[in-house]
Amino acid sequence: MAASTVEGPVAHHFNNMGQQLATVRFGMWLFLVTEVLFFGGVFCAYTAYRIWYPKDFEAGSAALNVGIASVNTFLLLASSLTITLAIRAAYVGNQGGLVRNLLLTIVLGSAFLGLKAREYYLDYEEGLMPGTAKVMQKQKVEQNGKEVEIEVAVPKFDIALEEALKREHFKGEAHKDYDPSRVMLFFMFYYSMTGLHVLHMIIGIGLLTWQLILARSGFFAHKSRYVYIEVMSLYWHFVDMVWMFLLPLLYLCGPHTSSQAIEQFKMAIGLSHGGH
Amino acid sequence: MADILLEPARLDYTPQMLPEPEVSFEKHPEHKHYLNHEYGLLSWLLTVDHKRIGLMYLVSVSIFFMFGGIAAGLVRTNLITPTGAILELDQYNKAFTAHGTIMLFLFLIPVIPGVLGNFLVPMMIGAKDMAFPKLNLASYYVWAAGALFFVWQLIVGGLDTGWTLYPPYSSKYSHTSVMYAGLGIFITGFSSILTALNIIATVHKMRCPGMTWGRLPLFVWAMYATSVIQLLGTPVIAVTVAMLAVERMVGVGIFDPNLGGDPILFQHMFWFYSHPAVYIMILPGMGVINEVLTCFARKNIFGYKAVAWSSVGIAVVGFLVWGHHMFLAGQGYYLAMVFALLTMLVAVPSAIKVFNWTATLYGGSITFQAPMLFALGFIILFTIGGVTGLFLGTLGTDIHLHDTYFVIAHFHYTMVGGMMFAWQAGLHFWWPKMTGKMYSDFWSRLAAIVMLVGFALTFLPQFAVGYLGMPRRYPNYPPEFQIYNVLSTAAAYVQGIGYLMPIFYLGYSLFAGKAAGNNPFKATGLEWQTSSPPSPHNFETTPQVYFGPYEYAVADGLKIIPLNDGKIHDIVHEDPDLVGTTPKEATHGS
Amino acid sequence: MFAFMDTPLLPEQASEFSKEYDVLFWYITGVSALGASVVYALLIYCCFAFAKKDGVAPKRILGSNKLEFLWTIIPLMFFLSFFVWGVRQYDYAINPPAETADREYTVVGKQWMWKVQHPTGHREINEITLQEGVAVKITGTSEDVIHDFGIPAFRSKFDVIPGRYTTAWYKPIKVGSYHLFCDQYCGQGHSQMVGKVHVLSQENYAAWLEGLYRVRDGKNPVDGSPAWEGRKLFLKLQCINCHNRESESRAPTLEGIHNTKRALLGGSTVVADDTYLRNSIRNPMLQVRDGWKPIMPAYTRAQVTEEELLNVISYLKSLKPGDLPSRSEMSPAPVGAPNIPDPAVPPVPAPTTGGTR
Amino acid sequence: MSHNPHAAVHEEESVHHEATPDAKSFVTFFVLAGLALLALFVGFSDLGSTKVVASLAVSTVQACVLAYFFMDLRSADKLTWLVAAASIFWTFLMFLFILTDFLTRHLGVL
Ligand code: HEA
Ligand code: HEA
Ligand code: CUA
Ligand SMILES: [Cu+2]
């Protein structure tokens, strides 16, 4: 059995490098198992309600900014590429390449987060926040054959949703196809799922930054330590993978068009101003 | 029983295979072990030595057990009179919730994995440490942080939802600190994930040469199966509690029927973890029993493979029965049926284990020190706890017994009669190894008997009163149930005294106990082949293993007659796990 | 010290299902006892027979596939028998038979009380009265958190869930009063969310429906019964002004009046049957009680319709000592008093999710 | 696992492990990007109820490619495959049982 091809220090409780590398890698895979089930739980809840309320979920999805999401998809994919390049750089001992690629990964990840933050802000501005807040609204009702105007308390969310759907030219016949309180359920999932994803990205970027610092200090001069970049990449790829499912389940679930996506993205980054 | 494999005399190794321990502190007092090779608080708080971390868990979980026990004392005392003797309604609710959550999350789930798992798994497989020593320390601190949230939660007024945290009560109606408790569950859960990860990686990657899967001590198998459950189940409760927290915080919800949510979904996701969790709470105990029984009966385990695989079977099938907690909760009819069937299937591996244990005693040379008494207590009590589980797993009978004291009695018989007794057995068995000191034989045996009698009498009346229909989580009850409750309470005090006893004689042994020697029970496991207490890196040289874990008969001087076929037999290659040799081969010898 | 002495050993068998249930229960108990006995017997035998003796070495036994097989298959067979029997029983217990179709009761759980509505319109709180031998279907829901409607004597229990309907059914077979518990933890008053199930014989049940039979003392006629309606009229028509708990000087107390002998002005007596009661209201002058002034006004059809009169009579018939309302009670008793409809109670919420089981 | 009990348990894995050359990574990236475009295309089209199936299928392919090439399942040992499979399998079990409830709860009884 050939000894491992890479050199580097072996921790006291391991017998050899092969054992150490395999153990580290295995540990990360085990961790990913828990991550799969962690996300699996929310996805399962999502699916259950999607089965019950398909129309409401589509309506909710229609109100989301699919432009940002589309661009973000490619950012994440690119970051997955750069981190793979970083492993290779560490593996062959190319310190400059390692630093460069780690940095790129961090930049791409941060760009994702930046756009995501923008998206949250837009949602917030549109009032698409689940909650019990209500506003008073004038409504015309029939009373004794006469039309009178009265003030009623309407959930803020309902109004915001209606306006957002109008803006997105949602074709589903409003008020018939969806029930705002169930769309709110969709939004709960939207925020929880993307929130969890964002949380994972933030942790990932933190770890990457740590590795970047290590890389600059020459920690990865021992080639065997490429394995730490590798396990980092496993985590990062996994986060990417979660996004691959968030995209169709949250954003592409409702009716959208590509022109709409482009328009939304332009608007989000300030190149155009909403209205059509 | 011609079929039983009696003494296949085909081993060509001799008892010398059990090497004399390398170091003995009695002879070489200058030698340093893990307890005295460094000093100071920091050397403990920052240690990455799995043995020291194990002891840190030991101290912490024992403290929490006392807290949980005091809560149990409050609960039982209140139930002396039908109207509730000492507590207000909501005080009682907080008391039993504190009792349940502390006992489960801060005592029973971490106890054996945290203490014995940490201490023993690396030693049993001949490793110097866990696969990830720093992670191991980190998971202790994560656990401690989670525990702090529980303590904080108690300080700011306590939780009143029951340990099951069912919404909508927990999400909308309870005015108590659900958030802190949720955080506590989330964080301690994270810790148990990390411990599990570490143990799995250790078992896979750190075994010493010759330690094949077929030669793993069954405790390690049990810990492995437990860890698989923890790894796969715990993330789900974490995310479930997180969703509950979001719902409670934002005020709108995922489990709220008024908004189209479904409270049953919470129950599904809660029990997806929490039923497997009851196996997290019993499998390590079962593992301990294997080690103790074989040692004190001086026998090979009966049916090594069956016992090992039944652990794995429990771990896997145990994931598919959670719905038996929800038979009456409004889940689908067909699903309930499937769950009921699987519940019956998952009971089989436990039955296999029980029968194998009793068979292990057959033909042994049994002595009855405290660990053995606890282990026998385990078998007696767990059998009752297990079979009463069958009443609950049967769809028809659960209708009446659900959420009555019958359930309470069932799970105390499994958790206290089972895991608690296994824990005591393990603690007494390995105490000399951990500390190098021997405790009082008399007092330890007495404690075992007091606990056994006290325990059995506490919860037997509860089966009766449960069948009569007394609901659980009731601070007051119809007067005709009083006699049962008084009996139960009285016995609970006896039991409480039983649990206090070890503190004294074990504590005493620490300071004044006589040195235990490296292998006081003459056990065969690798952990006994090193000094007591072990040196910081467990073994002076990496051990090499040639045979299965329970060769007590050989160790006790059973004559080995070489096979007369003229060949030299390499037992290691021909029969690495020594199980399942056919009778035909066995007749070769004598 | 113990105020009660009849500690029960076994729960009452008060429904048809409870009998069948117990057969299965004792079957499982028997098998379990058998299985445990085998284990215990082996354990005891080994502990004595193989206790350490000097000079006797332990045997080296590794296992036996035959035995493993046996003790896998035998328990499995028993366990499966539990399963099959259990499923049949569950099926029976949760599927209301056709005969219950028009006898559907509704229970609504609410922190911390049970509100029961009978198909006849009767309403009860924390109590449910049933007729012996008549199967009924119960549909339950909750206004707030999850509760569980459990009746040990019927071996019945089911969770009631907000936003959904769940069902159970029973056929009571034994007259008596039994515990009703909330079995799902629901907060502070969980243990107070208890009540009684009353199983009445056919006659008593019929009387109960009228409002004439009381399942316990100190209780008004059941909400929704004719007598209950009569009680409301009694208050509304101001009868209470003269006939009240406070004093008998103005008008006779009417408690326990039905079928008693009444002394009339002029020395004669008469049995207070339905006709007498009727006359006393429509035309009080006809038979005036000895000792009272004939000041009672006559109530014509314009004031009390024939139907209302029947209800009033039912009420009078239902009056037991201590029942007559006090003068101050001109309007319905305060919320929370037994058997008074709770005006704050909103209608049963429509199910929003899932279906009915 | 080794069938030779003398052998140390470790050592065997990770010997053939080698970081992926850059060119291959680029190819993987372009495949993934292509699939992402496909996912968007499906998402923006008007397929009705098949849309969700189609886009999930694309995502699954994408995830497989990612796991196989980027996460190096390609050169991983059996154990790693087992671990990955277990996570998927257990998630599947959770979905299976919980969704069964959601899909069959309204059904009548036998
Ligand atoms: C250590 C913990 C532990 C263990 C091991 C078990 C083991 C089992 N449990 Fe238990 N259970 C709990 C802890 C545990 N349980 C807890 C905490 C609760 C309540 C939670 C709450 O609501 O708060 C609970 C509740 C619970 C319920 C829900 C009750 C209800 O709320 O209505 C059910 C229903 O099926 C059940 C079933 C079982 C079964 C079938 C087993 C089986 O695995 C048992 C298998 C063992 C044996 C069968 C014994 C050995 C066999 C023999 C000796 C063979 C001879 C016997 C025969 C031939 C009959 N349990
Ligand atoms: C590890 C788990 C574990 C353990 C060890 C115990 C141990 C005990 N339990 Fe516990 N119990 C649970 C887990 C456990 N329990 C759970 C999960 C619940 C459900 C909670 C819920 O519904 O949410 C529960 C519920 C529960 C109830 C039902 C409450 C209700 O539903 O209303 C009762 C009632 O008798 C009870 C009693 C006891 C007793 C007497 C002990 C005894 O064995 C304890 C003995 C130990 C001591 C007493 C401590 C040591 C002694 C001292 C510190 C001296 C001072 C004490 C005294 C003088 C009394 N428990
Ligand atoms: Cu209602 Cu408990
Ligand atoms: Cu269970």
Side-chain angles (χ1 to χ4, degrees), chain B residues 3-7 89-90 162 166 168-169 173 257 260 262 298-300 302-303 306 328-330 337 340-341 344 347-348 351-352 354-355 358 361-367 383 387 390-391 394-397 399-400 402-403 468-469 471 473-476 478-480 482-483 553 556 558 579, chain C residues 2-4 7-8 11 21 24-25 28 32 36 39 42-43 46-47 50-52 56-64 66 68 71-72 75-76 79-80 82-83 86-87 89-90 93 144-146 152 155 157-159 161-164 166 179 181 183-188 190-191 352-353 357:
Chain B
D3 169 56
I4 291 189
L5 297 185
L6 281 170
E7 210 272 295
L89 296 182
D90 52 346
Y166 278 8
Y169 183 69
Y173 292 85
D262 180 22
R298 317 300 305 166
K299 283 283 310 294
N300 293 70
F302 193 94
L328 302 166
M337 250 164 61
L341 179 62
M344 291 301 145
V348 173
I352 295 177
V354 169
F355 286 117
T358 32
L361 297 182
Y362 182 86
S365 171
I366 307 172
T367 49
T383 300
V387 295
L390 298 171
F391 288 72
T394 305
L395 273 170
T397 35
I399 298 176
H400 171 53
H402 174 66
D403 271 351
L468 285 169
R473 299 172 172 173
Y474 264 34
N476 39 38
E480 66 262 31
Q482 188 175 8
I483 287 184
D556 280 3
L558 181 83
V579 187
Chain C
F2 303 125
F4 51 90
T7 296
Y21 176 93
L24 175 56
F25 182 87
I28 301 181
S32 300
V39 173
L42 255 165
L43 217 57
C46 290
C47 284
F50 300 106
K52 185 183 168 90
V56 181
K59 299 197 177 75
R60 185 167 182 278
I61 305 174
L62 296 179
S64 150
K66 211 183 263 174
E68 298 294 348
W71 61 50
T72 305
L76 181 65
F79 296 172
L80 288 181
F82 301 165
F83 165 71
V87 166
Q89 220 168 63
Y90 185 70
D144 36 45
V145 302
I146 303 176
R155 312 288 184 276
K157 192 172 287 171
F158 67 106
D159 278 14
I161 304 160
R164 260 182 81 184
T166 44
H179 288 299
F181 293 127
D183 278 295
Q184 182 63 259
Y185 179 70
C186 53
Q188 188 182 2
H190 167 57
S191 66
T352 52
T353 62
R357 215 184 29 193

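Below, chain A is the first sequence line, B the second, and so on; all start at residue 1. Please read these numbers as outputs of a predicted model, since none were measured by experiment. When reading the values below, keep in mind they use all heavy atoms of this one structure, side chains included, and skip hydrogens, waters and symmetry mates.
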* Which value, rounded to the nearest 0.5 Å, describes the distance between C:F50 atom CZ and B:L361 atom CG? -> 9.5 Å
* **Nearest atoms (heavy-atom pairs only) where B:F391 meets C:S32** => CE1-OG, 3.6 Å
* Could you grab the distance from atom CG of B:D262 to atom CD1 of C:I161, nearest 0.5 Å is fine? => 8.0 Å
* Do B:Y169 and C:I146 come within less than 4.5 Å of each other through their side chains, counting heavy atoms only? -> no
* In chain order, what residues pass the side chain to side chain contact (heavy atoms under 4.5 Å, CB included) check against B:L341, with sequence neighbours excluded? -> C:L80, C:F83
* For C:R164 and B:G330, work out which heavy atoms get closest and say how close. => NH2-O, 2.8 Å
* **Least distance between heavy atoms, C:A93 atom then B:I399 atom** => CB-CD1, 3.6 Å
* Structure fact -> Shortest non-hydrogen pair, B:P471 vs C:D183, comes out as CB-OD1, 3.1 Å
* **B:R473 side chain reached by C:S191 side chain, heavy atoms, under 4.5 Å** => no
* Structure fact -> When the 4.5 angstrom heavy-atom criterion is applied to C:P8 and chain B, the contacting part is both
* Choice from C:C186, C:G187, C:A36 maximising heavy atom contacts with chain B below 4.5 Å -> C:G187
* Hey, could you give me the OG1/CG distance between B:T358 and C:L43, rounded to the nearest 0.5 Å? => 6.5 Å
* Structure fact -> Okay, B:V354 and chain C: the region with an atom under 4.5 Å from a heavy atom over there is side chain
* Atom of C:Y21, atom of B:G396 and distance for their closest heavy-atom approach -> CE1-O, 3.4 Å
* Asked: Does B:D403 reach the side chain of C:Q184, with side-chain heavy atoms less than 4.5 Å apart?
  -> yes
* Is it true that B:Y166 and C:Y185 have ring centroids separated by less than 6.0 Å? -> no
* Write down the atom of B:L328, the atom of C:K157, and the distance for their closest heavy-atom approach. => CD2-O, 3.6 Å
* Test item: B:L395 and C:Q89 side chains (from C-beta on) under 4.5 Å apart, heavy atoms -> no
* OG1 on B:T394 to CG on C:L24, rounded to 0.5 Å -> 6.5 Å
* Spatial distance of atom CD1 (B:I352) from atom CH2 (C:W71) [nearest 0.5 Å] -> 9.5 Å
* When you look at C:E68 and B:F355, which way does the side chain to side chain contact (heavy atoms under 4.5 Å, CB included) test go after all the steps? -> CA-CA 9 Å; C:E68 298 294 348; B:F355 286 117; over 6 Å; no
* Asked: Quick one: CG on B:L89 to CD on C:Q188, what's the gap to the nearest 0.5 Å?
  -> 5.5 Å
* **C:A51: partners by side chain to side chain contact (heavy atoms under 4.5 Å, CB included), with sequence neighbours left out** => B:F368
